[in-house]
There are 2 protein chains.
Amino acid sequence: MNKKLPKPTEGELEVLRIIWQQGSSTVRQVNDALSLFKEVGYTTTLKIMQIMSEKGLLTRDTTGKTHVYHAAVSQEKTQQQLVTKLMDSAFGGSAMALVMQALGNKKSTAKEIKEIREFLDQLEGGKK
Amino acid sequence: MNKKLPKPTEGELEVLRIIWQQGSSTVRQVNDALSLFKEVGYTTTLKIMQIMSEKGLLTRDTTGKTHVYHAAVSQEKTQQQLVTKLMDSAFGGSAMALVMQALGNKKSTAKEIKEIREFLDQLEGGKK
DNA sequence: AACTTTTTACGAAATTCTTCGTAGATAATT
DNA sequence: AATTATCTACGAAGAATTTCGTAAAAAGTT
């Protein structure tokens, strides 16, 4: 079990989000997607993805000329990792404090609030 | 209005947490507190706090021989900043998604869940 | 086949963060 | 007063991250 994958950096997270969204991709595809919202050189994207492979955040298929990269970490696990880290480092480990900041900040819609209530119901229900 | 204070690094956040907790402190006091849970040289702590002053995360009183450092950013604002950043970078801006990860992860107590419900009530009540 | 384009590999510069050693100044102790 | 301890300032090394240029290999085009 490889539980200790490194925390992705900002740049790595951007790549992961794209691959989670559009599925396994080539460097070109990721770079195109990145280029929609920021300026970035092709070889920069390539380098980041190569490093991510070394770290185990991505795997790649090198059969063809153009390598295809796959996410090696799930979106859910990664979000878990990041939110846990933030909770510990900035909120003293309190989920409540973090949740309140997240909700208090943003103007949540009535619908969102309702969904969270239902989620809380589930949490209590599924609990022993 | 200085809205663009830099995001504190891991090390800087540790210093801020200590100063938020125990109030304005000297380098020695911060270093002692840090030493309780990690090994760190005195000049390392000094350097970090000096850099934080330059960045505007701390202010300092240099009247005496021993300088006294004060937090220049509030805990609340900083938590806001960090949670917003995480929400944008890892949760596509969705507070809901983040909240669910935070709650689903940790085994929240019934009391915590109740508190969050009450918080949601307030949110809706205070809203127009 | 010669040329152009695309892609990977390699290396290195620029930046940021962390760490700490050394020197000098200031204060406290003997 | 001399010694010792404490503190700040300075600089620099090491690691991590981001960036990109150049070269070489592979594929496609004329």
- Query: Is there side-chain contact between A:F37 and A:E14, with at least one heavy-atom pair below 4.5 Å?
  - Reply: yes

- Contact check, side chains of B:T26 and B:V30, non-hydrogen atoms, under 4.5 Å: no

- Exceeds 12 heavy-atom contacts within 6.0 angstrom, atom CD of B:E39: no

- Task: Encode nucleotides 21-26 of chain D as B, S and - characters from 5' to 3', where the letter depends on protein heavy atoms closer than 4.0 Å: B to the base, S only to sugar-phosphate, - to neither.
- Result: BB---B

- Message: For the backbone of B:S74 and the side chain of B:T78, can you confirm whether one donor and one acceptor N or O come within less than 3.5 Å of each other?
- Response: yes

For [X] and [Y], which heavy atoms make the closest approach, and how far apart are they?
X      : Y     : result
A:A90  : B:L13 : CB-CD2, 4.0 Å
B:S24  : B:H70 : OG-ND1, 2.6 Å
A:A102 : B:A95 : O-CB, 4.0 Å
B:S35  : B:V40 : OG-CG1, 4.1 Å
B:K7   : A:E10 : NZ-OE2, 4.4 Å
B:L58  : B:A71 : CD2-CA, 3.8 Å

- First and last nt of DNA chain C near chain B, cut-off under 4.0 Å to heavy atoms, 5' to 3', are C:dC17 to C:dA27

Whole angstrom is fine here: how far is it from [atom1] in [X] over to [atom2] in [N]?
X     : N      : atom1 : atom2 : answer
B:D61 : D:dT8  : CG    : P     : 12 Å
A:M52 : D:dT18 : CE    : C1'   : 14 Å
B:L46 : D:dC10 : CG    : C1'   : 10 Å
A:L34 : D:dC20 : CG    : C1'   : 15 Å
B:I48 : D:dA9  : CD1   : C1'   : 16 Å

Would you tabulate the nitrogen or oxygen pairs shorter than 3.5 Å linking the protein to nucleotides 28-30 of chain D?
none

Between the protein and nucleotides 14-17 of chain D, which nitrogen or oxygen pairs come in under 3.5 angstrom?
| residue | atom | partner | partner atom | Å |
| --- | --- | --- | --- | --- |
| D:dT17 | OP2 | A:K55 | NZ | 3.2 |

Determine all donor-acceptor pairs shorter than 3.5 Å in which one atom belongs to a side chain in residues 15-23 of chain A; sequence neighbours excluded.
| residue | atom | partner | partner atom | Å |
| --- | --- | --- | --- | --- |
| A:R17 | NH1 | B:D88 | O | 3.1 |
| A:R17 | NH1 | B:S89 | O | 3.4 |
| A:W20 | NE1 | A:V73 | O | 3.0 |
| A:Q22 | NE2 | A:S25 | OG | 3.4 |

- Cluster check A:V68, A:I48: I/L/V/M/F/W/Y, side chain < 4.5 angstrom: no

- Message: Applying a 4.0 Å non-hydrogen cut-off, can you work out what B:T66 is touching in the nucleic acid: base, sugar-phosphate, or nothing?
- Response: sugar-phosphate

- Set of residues satisfying side chain to side chain contact (heavy atoms under 4.5 Å, CB included) with respect to A:T9, sequence neighbours excluded: A:E12, A:K55

- Message: Can you see if the side chain of A:Y42 gets near the phosphate of D:dT19 - specifically, an N or O under 4.0 Å from OP1 or OP2?
- Response: no

